Amino acid sequence: MRTRTLQTDRSRGLRFTTCCAVFALCLTGCGDRVAAPDNPPLQVKAPAKVTPAASLRPPGVIPHFVTIGPESGFRFERYDDISPRRRITEVNGGGVAIIDYDLDGFEDVYMTNGSKLPLNEAKFTTPGALFRNRGEMRFQEVSGASGLVQHGFDHGCAVGDWDGDGFADLYLTAFGNNSFWRNHGDGTFTEVSVAMGVTVPEWSSSAAFADMNQDGWTDLYVVNYLAESDTAPTLCPNAASPSGYVGCSPAIFDGVTDRVFLSTGTWQATDATTESGLAQHSGKGLGVVIVDLDNDLKPEIYVANDGQENYLFAIEPSMREDAVGADIRLHECAMQNNIALNETGYAQASMGVASADYDRNGTEDLFLTHFFGDTNTLYKNPGQMLFEDVTRSSGLGPPSRGHLGFGTAFLDADNDGWLDLVIANGHVDDREWMGSQPWKMTPQFYRNEMDGAFSDISSFCGDYFLRAWLGRGLAVADLNRDGRCDFVVSHQADHSVILSNQTRTSNSSIEIRLIGTTSNRDGTGTSVTVQSVTPTLRRTLIGGGSFQSASSQQLQIGIGELQRVDLEITWPSGIVEVIAGITPGFWTIVEGRATAVQNPQSL
């Protein structure tokens with residue numbers, strides 16, 4: 001049997017690659033998304049779900065996830081006011097935020113919710129929900145007690161410590177005004193967006209916190225989607241549809257400029273959208289990640305746009321004569337860095353985005369989820385941000401054609417040091433009447449085969465992956481503090497779920513909470529490298545990622561069967577520290593102290 005270790009010269013064994021039929025899109029009507037002309041999809045119907053035979057089980061460790069039921073106290077079903085008219089506002093669904101709001105060491109979960117449309121405060125009866133993690137996968141709904149009662153048609157969420165007091169705050173995006181929830185540190189929140197000037201009336205999707213101007217304070221990037229009305233929605237009639245309508249294509253809507261807000265170190269924000277040059281770029285954004293892609297200690301902003309080229313913004317100091325030190329200038333450079341379009345020159349329908357060093361070459365790579373009939377896309381970063389589309393050679397192409405992806409994340413499910421991929425899938429429109437497209441779809445899990453390729457082993461990873469869902473937001477965290485990554489998925493038209501990682505493995509992990517002093521308090525942008533291990537084993541704390549969701553702000557590093565490692569910590573400030581003798585478990589590292597404090601395995 002193949003073993004998966006951190007050693008350089010190891011036997012890789014046989015790699016199992018699940019074969020998947022190549023699906024395609026053959027659509028009529030105004031809901032179409034057009035496939036690349038030089039990459040025409042085949043016209044075949046998606047096969048029925050088949051329970052895998054035990055004899056087909058691939059060799060090696062198979063990650064296993066178990067759905068945590070309502071007996072845990074986690075009960076949530078999002079309301080999206082889905083109607084026969086198939087308004088495009090019904091499509092995006094909601095996100096997931098992982099936030100240890102009370103600093104008890106257990107990661108809590110927040111779920112955004114929708115409302116009736118058109119927006120009417122008298123009909124705001126479906127608030128979001130904050131679930132306090134009581135340990136051992138037990139949860140308590142505490143929205144009312146915390147004061148975090150969200151009303152409106154909300155979608156996404158971002159988690160960050162805006163004022164540097166040690167307690168994570170929460171920003172929520174919406175169709176309608178966004179909201180900013182200040183964490184007071186006593187278990188309660190207050191909504192402060194109006195006073196801060198960060199309400200953003202445009203239709204927003206994802207958001208991300210990061211220190212974009214490197215002044216030590218956490219800033220905010222807000223992704224906006226389309227220009228649309230809730231009182232006079234755009235509709236696309238189709239006489240062949242049972243309801244008389246199909247979902248409209250985003251191509252017929254105007255895009256909207258994103259927004260960037262810089263922190264002043266107080267509960268105020270500076271809207272730098274115009275001064276930074278961002279206002280010149282009107283996109284149709286759905287996902288965002290803020291991460292240092294060229295290892296120069298300065299973050300870049302990557303935005304996943306729906307049906308048009310994606311954006312990559314390099315952040316530069318402002319050159320205005322009257323500029324203060326905190327101002328920034330955003331230079332769009334996705335095309336020259338080969339991540340605006342896929343390798344065929346096609347602008348894809350980008351939804352979710354994940355960033356990590358999946359091939360362990362020391363640089364951050366990018367993965368995007370896309371529309372049914374098209375492939376998801378993996379961009380490899382060989383260095384200097386000159387990306388390569390390696391979708392085909394990685395094996396991630398064909399298995400994704402029969403799915404429509406949203407939330408996605410890299411995670412090391414078996415702690416072998418190699419990052420795997422999980423994807424939440426689901427169509428934007430019920431077109432089963434057309435006979436060729438599923439509506440609900442099975443999620444997918446891809447195992448990293450350590451040679452640049454992935455295998456779709458979804459059907460062996462637990463019952464959750466055998467059932468079809470309308471997956472949207474997805475976030476990763478070790479919710480029960482057992483050293484293994486779990487994840488949470490927000491669904492439409494069904495209950496949302498927590499997936500507990502119960503993979504059997506002798507591998508261990510270290511989990512690190514970073515506290516910046518010169519750098520931003522969250523430590524966003526910090527990279528941690530395990531020394532004396534080849535190939536390079538490095539993890540970076542990114543801003544944003546996935547789709548409308550926020551994963552844990554703790555770094556998880558699988559170290560295989562190693563029992564003691566030395567870590568090199570590179571902070572955004574440029575401070576580099578080496579900390580020796582780190583053993584499996586939970587650690588807190590404070591910038592500038594060159595030491596780590598071990599936290600209890602369970603609190």
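Not measured: the values here are computed from a predicted model.
Relative ring orientation between H427 and F372 is described as tilted, the plane-to-plane angle lying within the 30° to 60° band. Using cut-offs of 30° and 60° for the angle between ring planes, the W203 and Y225 rings count as perpendicular.
Closest of all the heavy-atom pairs between D108 and D100 is OD2-CA, 3.5 Å. Between D104 and N133, the closest heavy-atom pair is OD2-O, 3.8 Å. The minimum heavy-atom distance between D161 and T218, with the atom names listed, is O-OG1, 3.6 Å.
Considering only heavy atoms from C-beta on, H184 comes within 4.5 Å of T190 through its side chain. Side-chain contact between H403 and I423 is absent, with no heavy atoms from C-beta onward closer than 4.5 Å. Annotation: side chain of M111 is in contact with side chain of F131 (closest heavy-atom distance under 4.5 Å). Side-chain contact check for V61 versus D416: every heavy-atom pair is 4.5 Å or farther apart. The shortest side-chain heavy-atom distance between R78 and T112 falls under the 4.5 Å cut-off. F106 places none of its side-chain heavy atoms less than 4.5 Å from the side chain of R134. Between I559 and P584 the shortest side-chain heavy-atom distance falls below 4.5 Å. For the pair H370/T377, a side-chain contact is recorded, criterion being any heavy-atom separation below 4.5 Å from C-beta on.
Side-chain contact of Q444 with Y446: a donor-acceptor pair under 3.5 Å is present, judged by distance alone. Checked by atom type, the side-chain pair T540/E364 shows a donor-acceptor distance below 3.5 Å. Remark: the S205 side chain and the Q548 side chain contain no N/O donor-acceptor pair separated by less than 3.5 Å. In this model, a donor atom of one side chain and an acceptor atom of the other lie less than 3.5 Å apart for E577 and W571.
Under 4.0 Å is where a charged nitrogen must lie from a carboxylate oxygen, and between D478 and R484 no such pair does. A salt bridge links D494 to R467: one of the charged nitrogens lies within less than 4.0 Å of a carboxylate oxygen. Look at D81 and K116 and you find a salt bridge, because one of the NZ, NE, NH1 or NH2 atoms lies within 4.0 Å of a carboxylate O, short of that distance.
Not counting sequence neighbours, the partners of F209 by the ring-ring contact (aromatic ring centres under 6.0 Å, His included) test are F180.
Judged by the 6.0 Å and 45° rule, R447 forms no cation-pi pair with F454. Cation-pi check for R360 over W418 is met; the charged atom lies under 6.0 angstrom from the ring centroid and within 45 degrees of its normal. A cation-pi arrangement, defined by a distance under 6.0 Å to the six-membered ring centre and an angle within 45 degrees of its axis, is absent between R132 and F139.
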Going through the distances and angles, do T529 and E568 end up as a side chain to side chain donor-acceptor pair (under 3.5 Å)? CA-CA 5 Å; T529 303; E568 180 179 285; 5.0 Å; no
Test R513 against Q554 for side chain to side chain donor-acceptor pair (under 3.5 Å), laying out the working first. CA-CA 5 Å; R513 182 184 176 216; Q554 294 191 141; 5.7 Å; no
What side-chain donor-acceptor pairs closer than 3.5 Å can you find for residues 65-73, not counting sequence neighbours?
unit_1 : atom_1 : unit_2 : atom_2 : d
S72    : OG     : G69    : O      : 2.8
S72    : OG     : F74    : N      : 3.2

